[in-house]
Number of protein chains: 2
Amino acid sequence: MSIPAYQQIKNFILDQIQKGTWLPGAQVPSENQLVEQFSVSRMTARRALNELSDQGFLKKSQGLGTFVADSRPLSSVLVVKSIAEEVRERGHSYSNNIISVRRIKADSLQATSMGVAEGDALIESTMVHHENGTPIQFEHRLVNPVLVPEYDQQDFNKLTPNEYLSQVAPLTEAELSIEAVQPEKKVGIALEISNQCPCLKVTRRTFSQQGIVSLAELIHPGSRYRLGSKISVGK
Amino acid sequence: MSIPAYQQIKNFILDQIQKGTWLPGAQVPSENQLVEQFSVSRMTARRALNELSDQGFLKKSQGLGTFVADSRPLSSVLVVKSIAEEVRERGHSYSNNIISVRRIKADSLQATSMGVAEGDALIESTMVHHENGTPIQFEHRLVNPVLVPEYDQQDFNKLTPNEYLSQVAPLTEAELSIEAVQPEKKVGIALEISNQCPCLKVTRRTFSQQGIVSLAELIHPGSRYRLGSKISVGK
DNA sequence: CAGTGGTCTAGACCACTGG
DNA sequence: CAGTGGTCTAGACCACTGG
């Protein structure tokens, strides 16, 4: 046989997902069921499930089973540097306007994305970053106070949240998504734009050795901000 | 022992890389050597090496061995893969609708961005990419016919412009910017959205050895597309 | 409790690379 | 050829989840 068994199982599962036979959230056959169905050992069945999980098609839960993941667009690699640094590199003046920094209790959505229990403490900070006095980024951020207990005692005029966090909790991983959105009313007001104006929204989750450090939503007026990069291909 | 054996092996290897004992390109112990060194089975040693390869720290070559990978580029780097590939990886069906492919004479703006003289010939292609029949990307592209003379004779249902170009003119560099915009009327119509809907616009210029190959504007409905990525920091 | 996934073993045969 | 990684087996014990 030229196609490896684990690949055949992967193809079978991907087929079902593609055809819509198995919808997001549906349970896929257990390792033991695949063992019987494909006459393979459990290690081979596991391999198929693990690779599909790593690729984001499936989601495993010990004791529960394996499920079709919510479909997610994924592609690229992007690193966003500190906004203050970026502005200064352009030779412009940087300033910010801190709206609030406070402790809150995680609701269920926040708990899930921060990897804590519902009701656990989180620190929430909200501010607007300016370039030459013009608002260019609205930042809403959640921070895990267990990992960064002194976050809410910082002077963010000295060091931006991003800069402070990268000092005290060096990140090992980051996850980010970029989308175009219409700003909520309060965001539009803070950015001094109409809420017709399309905005670039970057959602960034950072991980350190100890777990999820922070979830940041960064909203930029489309008219005043672009993300750019240049890539050299080392071939 | 609470830390799994494969994790201990991973930590050991990461330590050597971090301390600089093992430099990029250096060969790491083979699976069989790790088996002896850590008194584990080969499957466990393999798991450690495989996970580190998947994470980009190591590079395996059958018959040769496993080596420390070159340290990862950690600048503002973004790679956009083929839209067709991306859709298919999600297990969805890909299709496209070609609006036009034609030769034009460069106006001054086009000439500047393509690095040609005003009045020189360019090929312009316009099309809409679909995922499961829903428009997700409007593509407007300029191509230099001197570098890719047969571009306007391709069947883009077989190979997307991106895929074709990366075959005939392997890129050495790419420049891109991402912004949020309101779509022009004709783009909104092609994408079947209202032109109130904020869109993600990716502008991508690609270079080969010979010069600027192509300038692409890729417009995605904010409601149907996100750019995402996950980054591991190799330190 | 039965069923799930998580870790692990001690083997096997194979394809590939260099000398 | 000996050594490497690639696929695979048929078991084992474990931690976790729900009923």
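So that the names make sense, note that chain A is the first sequence line, chain B the second, and so on, each numbered from 1.
- Between A:Asp54 atom CG and C:dG6 atom P there is a gap of 11 Å when expressed in whole angstrom units.
- For B:Tyr6 and B:Phe38, the gap between ring centers reaches or exceeds 6.0 Å.
- The aromatic rings of A:Tyr164 and A:Phe156 sit perpendicular, their planes meeting at an angle over 60°, well past the 30° parallel limit.
- Between the side chains of B:Tyr151 and B:Ser125, at least one donor N or O sits under 3.5 Å from an acceptor N or O.
- If you check C:dT9, D:dT9, D:dT7 against the side chain of A:Ser41, the one that comes closest is D:dT9.
- No option in B:Phe67, B:Phe57, B:Phe12 other than B:Phe12 meets the ring-ring contact (aromatic ring centres under 6.0 Å, His included) test with B:Trp22.
- Residue B:Asn32 contributes atom CG, which lies 14 Å from atom P of C:dA10 at whole-angstrom precision.
- Taking 4.0 angstrom as the limit, A:Tyr6 places a side-chain polar atom (N or O) nearer than this to OP1 or OP2 of D:dT7.
- Nearest nucleotide to the side chain of B:Met43, out of C:dT4, C:dG6, C:dT9: C:dT9.
- A donor-acceptor contact under 3.5 Å links the side chain of B:Arg42 to the base of D:dG6.
- Here A:Thr44 reaches the OP1 or OP2 of D:dT9: one of its side-chain N or O atoms lies under 4.0 Å away.
- The pairing partner recorded for D:dG18 is C:dC1, the criterion being a Watson-Crick or G-U wobble arrangement whose two distances lie under 3.5 angstrom.
- Spacing between atom CD1 of A:Ile3 and atom C1' of D:dC8 amounts to 17 Å, rounded to whole angstrom units.
- Per the geometry, CZ belonging to B:Phe67 stands 11 Å off P belonging to D:dT4, to the nearest Å.
- In this structure, CG of B:Leu64 is placed 11 Å from P of D:dG6, rounded to the nearest angstrom.
- Salt-bridge check for B:Lys60 with B:Glu31: passed, with a basic side-chain N closer than 4.0 Å to an acidic carboxylate O.
- At the phosphate of C:dT4, OP1 or OP2 sits under 4.0 Å from a side-chain N or O atom of A:Ser30.
- Backbone-only contact: A:Arg47 has heavy atoms under 4.0 Å from sugar-phosphate atoms and none from a base.
- B:Gln7 places its CD atom 13 Å from the C1' atom of C:dG6, with the value rounded to the nearest Å.
- Looking at the side chain of A:Lys60, the nearest of the listed nucleotides D:dT9, D:dT7, C:dG6 is C:dG6.
- In terms of position on DNA chain D, the residue among B:Ser61 and A:Gly63 whose nearest nucleotide sits closer to the 5' end is B:Ser61.
- In this structure, C:dT9 forms a base pair with D:dA10, meeting either the Watson-Crick or the G-U wobble geometry with both donor-acceptor distances under 3.5 Å.
- Look at CG on B:Asn50: it is 10 Å from P on D:dG5, rounded to the nearest Å.
- Atom C1' of nucleotide D:dC8 and atom CZ of A:Phe38 are separated by 16 Å, given to the nearest angstrom.
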